Amino acid sequence: MTDRSKTGRVLRAPEHFVDPGLAQAITRDGLNEERRGFLRKSFLAASAAVGAAAATPALAQVGEGDPAILTLPAHSTSLGKPVAANPYGVPSKYEGNLQRRESPGLTRVSQASVAFTPLQGLFGIITPSGLHFERHHQGWQDIDPSQHRLMINGLVKQSKVYTMDDLMRLPSVSRMHFIECGANTAMEWGNVAVPTVQYSHGMLSCSEFTGVPLSVLLEDCGYDKKNGKFVLAEGADGSSMTRTIDMSRALDDVLVAWGMNGEMLRPENGYPLRLVVPGVQGVSWVKWLRRIEVGDQPWASKDEAVHYIDAMPDGSYRQYTSIQECKSVITTPSGGQTLVGQGFYNITGLAWSGRGRVKRVDVSADGGRTWRTARLEGPVLPKCLTRFNIDWVWDGGPCVLQSRAVDETGYVQPKINELRAVRGTRSIYHNNAIQSWQVAASGEVSNVQVY
Ligand SMILES: Nc1nc2c(c(=O)[nH]1)N[C@H]1C(S)=C(S)[C@@H](COP(=O)(O)O)O[C@H]1N2
Ligand SMILES: [Mo]
């Protein structure tokens, strides 16, 4: 058991003791009984091991007799490693469980799948680039930037083909934004389906993106101001992913980005060029961006007609619901973690809105009967993750933790039953319901639906 001074003292983060197979194997279809039994056994065995470790005092004690403070360890009496031993730094070997994870069986092949961000292990609002979630329709590529081109065509005075060098000479901006797949929390529409926040909310990441505003490129090509009503963005991967964006949004805050968290995009996230469409569902953030076409009407793309649209209870579909509505989730304590004793805890989590800034986050420890307002940690930026914190004293009894966000438009994050009343359960996309985590008297935290 490693000591993580930030969370290890009061919590056992799930990646430190749960067989990752447990978290991965519980899918919407459930488990067959044999697998379930096996997982329960391995989970119990793993928990027992933790139980033994936890028998030593978990909360800070007077340091008397603790060899870890009394004896000088080898690292205090020896020469350390030289500079640049890692020319590109990597996390500590003790942090090896902090990983993106795929949910096996979610899709038929891993090239058309998702690797989820481990939200339970992150601090602040920026997602480390190596842990940014991945969602590909036909695998990822590592494209040679010297060979990459971006074409702008359609209703423009002059079609142009840009190299990366051309683009990177233009006036750029850097902005922090979240990206959330429209299918985030998809599995939870009907019932509780996944055990941890990584799987329930991990198609969510937040980075500082650097690029040239799309408006600059459209101006440069002389787009048709009268008839140019939409743009179509196309990716260079095998899926030739295309999405339509209306012109007012394209001219507003959309970026043609090459930078992410101070360096070039990672290949998995669209290197060397991707579209950043703040507030809008991830699918519009076309990766490996190779073409922007200006048109006078939306394209009749088959993909756009069937993916990332909302199945309604009456059998109809709701389209163009592309903005990610206000949502929040408690990341600690969250499903799969265990509180190691009653007393003080910092409840922390993330809130966001595709419509602007988060105005307020309320937290309940009694399943939504009473609420207290959490502290929002600065900066609170539009269309960006916002970190919230609130003090809490656990009395050792069973309870249900929830967070509820309100954005600057006054929109209040709904309860799951309120959302179901309008949207039914046929939907996959755009589930922004309040998340409930149940704390058992044993301290174990699990995913529940309470309203
Ligand atoms: N070219 C291309 N762009 C793409 C995709 C893709 O498969 N190909 N997936 C989309 C989807 S559905 C999402 S949610 C985001 C995910 O971005 P990420 O992999 O950087 O997290 O990219 C979008 N852009
Ligand atoms: Mo997505």
Side-chain angles (χ1 to χ4, degrees), residues 100-103 106-107 109-119 122 126-143 148-151 177-187 198-199 201-211 231-245 254-261 263-293 301 303-304 306-310 321-324 327 352 354 385 427-432:
R100 294 192 281 224
R101 293 193 173 94
E102 185 189 2
S103 189
L106 194 62
T107 58
V109 294
S110 295
Q111 284 86 351
S113 192
V114 187
F116 297 84
T117 292
L119 299 174
L122 302 184
I126 292 294
T127 311
S129 296
L131 296 173
H132 191 292
F133 82 96
E134 297 173 69
R135 170 78 180 100
H136 318 306
H137 288 76
Q138 196 156 320
W140 60 276
Q141 306 282 351
D142 196 358
I143 295 172
H148 190 71
R149 300 289 182 271
L150 172 69
M151 176 162 86
H177 291 296
F178 75 84
I179 166 173
E180 182 183 22
C181 177
N184 202 22
T185 325
M187 314 257 281
Q198 180 161 14
Y199 294 113
H201 289 76
M203 279 198 265
L204 170 74
S205 294
C206 184
S207 297
E208 184 195 63
F209 293 98
T210 300
V231 301
L232 181 83
E234 182 186 77
D237 54 329
S239 72
S240 294
M241 176 112 220
T242 52
R243 291 309 284 191
T244 302
I245 297 162
V254 175
L255 300 181
V256 171
W258 53 82
M260 183 163 108
N261 296 333
E263 61 180 354
M264 291 297 287
L265 289 160
R266 295 288 168 92
E268 297 93 318
N269 306 113
Y271 179 87
L273 205 60
R274 91 173 299 168
L275 210 56
V276 166
V277 193
V280 170
Q281 60 180 342
V283 68
S284 296
W285 296 47
V286 172
K287 300 190 279 189
W288 312 290
L289 181 70
R290 75 162 160 211
R291 197 168 68 88
I292 299 273
E293 184 179 334
S301 146
D303 178 70
E304 291 198 50
V306 298
H307 288 130
Y308 297 95
I309 58 174
D310 300 327
T321 47
S322 58
I323 293 181
Q324 296 299 105
K327 186 167 171 181
W352 61 100
L385 292 187
S427 199
I428 297 173
Y429 304 108
H430 306 119
N431 178 354
N432 67 323

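All heavy atoms count here, side chains included; hydrogens, waters and symmetry mates do not. As the structure lists them, so they are numbered: ligands from 1, and atoms in each ligand from 1. Note that this is a predicted model, so its numbers are computed, not measured.
Looking at every heavy atom in both residues, Cys181 comes nearest to Phe133 through N-CZ, 3.9 Å. Of all heavy-atom pairs between Thr117 and Ser205, the closest is OG1-OG, 3.0 Å. The shortest non-hydrogen separation linking Arg274 to Trp285 is NH2-O, 3.0 Å. The shortest heavy-atom contact between Ala236 and His148 is CB-CE1, 4.3 Å. Heavy atoms only, all atoms of each residue included: His430 and Tyr308 are closest at CE1-O, 4.0 Å. Annotation for Gln198 and Phe116: closest pair NE2-O, 2.9 Å, computed over non-hydrogen atoms.
Taking a heavy-atom cut-off of under 4.0 Å, ligand 1 is surrounded by His132, Phe133, Glu134, Arg135, His136, His137, Ile179, Cys181, Gly235, Asp237, Ser239, Met241, Glu268, Asn269, Arg274, Gly282, Val283, Trp285, Val286, Lys287, Trp288, Tyr308.
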